[in-house]
Amino acid sequence: MSQRIIQRFESLTSRGQKALVTFVMAGDPDLSASTEILSALPSSGADIIEIGMPFTDPMADGPAIQSAGLRALAHGTGLTEVLSLVQQFRRHNQDTPIILMGYFNPILAYNPQKFVQDAASAGADGLIIVDLPPEESNEIAPHARAAGLDMIRLITPTTDSARLPHILTGASGFLYYVSIAGVTGSKSADVNAVADHIARIKTQTRLPVVAGFGIKTPADVSAFSRIADGVVVGSAIVQYIEQHQKETNLAQRVSAHVSALKSAMSA
Amino acid sequence: MFKKQNLSPPANSLRQGPDENGHFGLYGGRYVAETLMPLILSVEQAWKQAKHDPAFWEEFHKLAADYIGRPSPLYFAQATTKHLGGAKIYFKRDELNHTGAHKINHCLGQILVARRMGKTRIIAETGAGQHGVATATVCALFDMPCTVFMGAEDVERQKPNVFRMKLLGAEVVPVTSGSATLKDAMNEALRHWVTHVHDTYYLIGTVAGPHPYPEMVRDFQSVIGTELRDQMQQKEGRLPDTLVACIGGGSNAMGLFHPFLDDPSVQMCGVEAGGHGVTTDKHAASLTGGTPGVLHGMKSYFLQNKDGQITEAHSISAGLDYPGIGPEHAFLHDTGRIQYVSVTDDEALAAFQMMAKLEGIIPALEPAHAFAHVMKLAPTLPPDHLLVMNLCGRGDKDIFTVADKLGMKI
């Protein structure tokens with residue numbers, strides 16, 4: 001279990017705040033820009049950072065994150081580079097939890113046991129492996145637990161009451177509620193429907209529940225942070241990076257963008 | 001005249017797989033996003049019920065006979081046998097099926113499952129367009145809307161099939177992401193499915209994807225091998241000695257091989273697309289030139305770099321141009337039960353022309369790969385050796401590609 005994740009939610013709760021979870025793709029638009037963007041995120045209001053691990057065939061992602069992954073791969077961002085980004089980030093930040101998010105094949109090629117050990121020593125706190133449902137997770141989950149990494153489980157609008165307990169068994173850190181049946185970057189979800197789902201989940205677990213997928217604007221952030229313990233903004237930030245990748249002050253611009261999202265939250 | 005497939009193999013059989021979680025040894029499984037899991041489980045539930053329902057198989061076999069034209073003939077290829085001067089060569093003529101390939105077998109089966117599930121629209125991916133045409137065909141038959149995802153590059157090189165799909169009422173969506181071929185079409189179909197989980201059935205075109213697809217498609221395609229058993233018994237009074245089939249995802253090969261897995265005297269050979277050669281970076285031979293990995297919902301062999309990034313496949317044949325292979329093939333490869341070889345683009349092209357001249361049959365470029373291997377293998381075997389090749393598709397769709405390669409204008 002990651003102490004950073006527990007402490008982060010405890011401290012937010014004690015201040016009556018919700019978590020802003022920001023997703024950026026490792027190595028997008030390149031490794032040095034990515035390092036700068038990551039280090040600027042906590043002071044701009046990111047409470048938890050998800051770092052995408054690029055993959056050629058991201059079947060759950062929409063066009064924004066697909067192209068971010070391809071940009072990163074074009075600069076040779078492999079898992080070794082992803083872990084070195086985490087390591088650099090940890091040199092000056094000890095409190096902000098880092099979740100690595102991606103697909104199973106690159107991890108399988110790296111060796112799952114070695115990967116979770118290296119990820120933990122680099123300073124990561126949790127893993128989201130999009131194409132690894134609980135049924136297939138035995139190849140990595142026990143090693144992740146042993147290394148102190150949380151396996152962050154996804155719950156979706158299609159998760160019925162028969163399946164929910166199965167997902168909750170072995171879940172740790174927090175739960176990620178996928179607000180829409182769709183890929184990342186889709187159109188926004190209906191906040192009332194999501195509120196009902198999250199309320200249902202909350203009756204069966206004490207873990208924090210964050211909502212993600214299709215949350216883009218400060219208005220979305222404001223609405224969804226009322227009904228969840230946190231919100232994830234991914235494609236909107238990634239798209240912002242794509243639009244401004246050529247500009248010299250990219251990290252500052254991204255910071256300003258993230259600050260605007262965070263202010264919507266506390267409003 | 002039409003025997004039902006034996007779907008309950010004995011203990012210790014190679015035909016037992018997959019296990020309850022869809023694994024064939026180390027391979028297979030259900031590596032999908034959580035949003036799709038409940039849907040995959042409901043497909044599995046519907047398939048399990050259908051599989052044990054005689055009424056389901058009655059409907060399947062009736063349409064297989066009257067609509068597809070099954071059983072497909074087992075043809076003694078006398079001229080080829082004489083020309084190659086070795087084994088006695090037979091073709092299993094699945095290119096004579098309605099729509100011109102074996103793909104219609106699993107399309108018919110799956111649309112019957114989709115109807116039982118109450119799904120109202122069908123999506124599919126296609127490479128050469130054969131599976132897309134077969135899917136569009138059964139959708140027209142059952143009056144269901146159909147959307148086919150096809151790599152933009154394939155849309156370009158398989159124009160006749162694109163037109164056929166449109167005539168049949170299907171919407172063809174060109175996919176430009178990634179390498180714009182079959183694997184990307186499958187990614188896009190999965191993305192679309194995740195967004196339309198409630199009313200849509202994904203009709204997968206080969207023995208790949210998450211459980212239960214590899215098993216389900218195999219069981220529908222096993223009609224090929226089951227027919228062959230009877231036909232060979234009638235013609236020769238015994239089992240065949242060697243079976244040869246081409247492999248992209250592996251559906252026609254699995255359908256031919258599976259009913260014979262427990263007959264140790266029957267040798268089997270799967271022929272992968274060697275492109276420019278398996279030692280180059282332009283081929284589609286996942287078993288010969290790939291490594292185990294996870295993609296498209298399954299663990300199997302894939303073409304990938306050392307970082308686990310999927311690399312692009314290449315083949316002259318759009319239907320074999322896929323960087324993976326069905327998980328049961330991966331399992332049978334590791335056990336050594338089936339031998340897997342590869343032939344190059346050039347060998348397939350020569351075989352394509354050879355069959356047209358020798359037999360008056362223009363094969364698809366996919367079985368031309370199988371035939372190229374038959375041309376190597378047959379002369380090394382005695383005349384009483386019964387060699388069966390699955391002629392899984394006809395070549396009308398490929399004449400433009402072939403003419404182009406031969407420097408001819410149509």
Side-chain angles (χ1 to χ4, degrees), chain A residues 53-63 66-67 69-70 73 76-82 102-111 115 128-139 153-160 162-164 166-167 176-178 180-184 186-187 213, chain B residues 20-23 26 28-42 44 175-179 183-200 209-211 291-300 302-312 323-324:
Chain A
M53 301 180 280
F55 182 48
T56 40
D57 295 78
M59 66 175 183
D61 285 303
Q66 284 175 45
S67 0
L70 293 179
L73 286 173
T77 312
L79 291 186
T80 312
E81 287 72 25
V82 173
Y103 295 80
F104 193 46
N105 199 50
I107 295 173
L108 197 59
Y110 191 100
N111 177 328
F115 177 73
I128 300 176
I129 307 173
V130 181
D131 56 352
L132 202 69
E135 282 83 347
E136 302 292 351
S137 65
N138 276 343
E139 216 167 335
R153 291 271 165 83
L154 305 180
I155 299 172
T156 77
T158 59
T159 307
D160 57 22
R163 187 160 174 79
L164 184 56
H166 184 54
I167 297 177
Y176 189 132
Y177 185 74
V178 175
I180 37 156
V183 293
T184 54
S186 306
K187 65 176 194 305
F213 277 48
Chain B
E20 60 185 22
N21 288 313
H23 294 108
L26 297 172
R30 311 179 190 94
Y31 293 85
V32 296
E34 185 55 41
T35 314
L36 284 181
M37 271 306 285
L39 193 53
I40 297 280
L41 294 172
S42 74
E44 185 188 341
V175 174
T176 51
S177 61
S179 57
K183 84 170 169 81
D184 309 285
M186 200 157 178
N187 289 336
E188 216 51 48
L190 284 164
R191 289 179 188 127
H192 182 93
W193 202 23
V194 128
T195 317
H196 299 83
V197 281
H198 296 296
D199 59 351
T200 301
H211 179 61
T291 48
V294 166
L295 182 71
H296 293 155
M298 61 178 171
K299 186 182 272 185
S300 189
F302 296 96
L303 302 181
Q304 54 184 323
N305 68 15
K306 63 172 178 37
D307 294 331
Q309 304 296 343
I310 305 301
T311 54
E312 289 177 25

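Numbered from 1 within each chain, the chains take letters A, B, ... in sequence-line order. Every heavy atom of this structure was used, including side-chain atoms; hydrogens, water molecules and symmetry mates were not.
- The closest donor-acceptor contact from the side chain of Trp193(B) to the backbone of Leu36(B) lies at 3.5 Å or more, if one exists at all.
- Residue contact with chain A, scored on non-hydrogen atoms closer than 4.5 Å, involves the side chain of Asp184(B) exclusively.
- For the set Phe104(A), Tyr110(A), Tyr103(A), the count of heavy-atom pairs under 4.5 angstrom toward chain B peaks at Phe104(A).
- Only the backbone of Lys306(B) comes within less than 4.5 Å of a heavy atom in chain A; its side chain stays farther off.
- At distances below 3.5 Å, not a single donor-acceptor pair connects side-chain atoms of Glu34(B) with backbone N or O atoms of Ile155(A).
- The residue among Ala162(A), Ala181(A), Gly62(A) with the most heavy atom pairs within less than 4.5 Å of chain B is Ala181(A).
- Side-chain atoms of Glu81(A) come within 3.5 Å of backbone atoms of Gly78(A) as a donor-acceptor pair (strictly under, hydrogens ignored).
- Here the shortest heavy-atom pairing between Thr195(B) and Gly182(A) reads OG1-CA, 3.7 Å.
- Contacts of Asp57(A) with chain B are made by both backbone and side-chain atoms, with heavy-atom separations under 4.5 Å.
- Only the side chain of Leu41(B) comes within contact range of chain A, with heavy atoms under 4.5 Å apart.
- Side-chain atoms of Gln309(B) do not come within 3.5 Å of backbone N or O of Pro106(A) as any donor-acceptor pair.
- With a 4.5 angstrom heavy-atom cutoff, His192(B) does not touch chain A via any of its atoms.
- Between Lys299(B) and Glu139(A) there is a salt bridge, since at least one side-chain N of the basic residue sits less than 4.0 Å from a carboxylate O of the acidic one.
- For chain B, the option among Leu73(A), Val183(A), Asn105(A), Asp61(A) with the highest count of heavy-atom pairs below 4.5 Å is Asn105(A).
- When Asp307(B), Ile310(B), Leu190(B) are compared by the number of non-hydrogen pairs under 4.5 Å with chain A, Ile310(B) comes out ahead.
- Ranked by heavy-atom pairs shorter than 4.5 Å toward chain B, the options Pro134(A), Pro157(A), Ala109(A) are led by Ala109(A).
- When heavy atoms are compared at a cutoff of 4.5 Å, Pro58(A) approaches chain B by way of both its backbone and its side chain.
- Both the backbone and the side chain of Leu154(A) have a heavy atom closer than 4.5 Å to some heavy atom of chain B.
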* Report the C-alpha distance between Asn187(B) and His296(B) in whole Å, list the side-chain angles of each, state the deciding distance to 0.1 Å, and finish with yes or no for side-chain hydrogen bond (donor to acceptor under 3.5 Å, both in side chains). => CA-CA 7 Å; Asn187(B) 289 336; His296(B) 293 155; 2.8 Å; yes

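- Ranked by heavy-atom pairs shorter than 4.5 Å toward chain B, the options Met59(A), Arg153(A), Glu136(A) are led by Glu136(A).
- Only the side chain of Ile167(A) has a heavy atom closer than 4.5 Å to any heavy atom of chain B.
- Gln304(B) places a side-chain N or O within 3.5 Å of a backbone atom of Pro292(B) that can act as its donor or acceptor partner.
- Salt-bridge check for Arg30(B) with Glu20(B): failed, with every basic side-chain N at 4.0 Å or more from each acidic carboxylate O.
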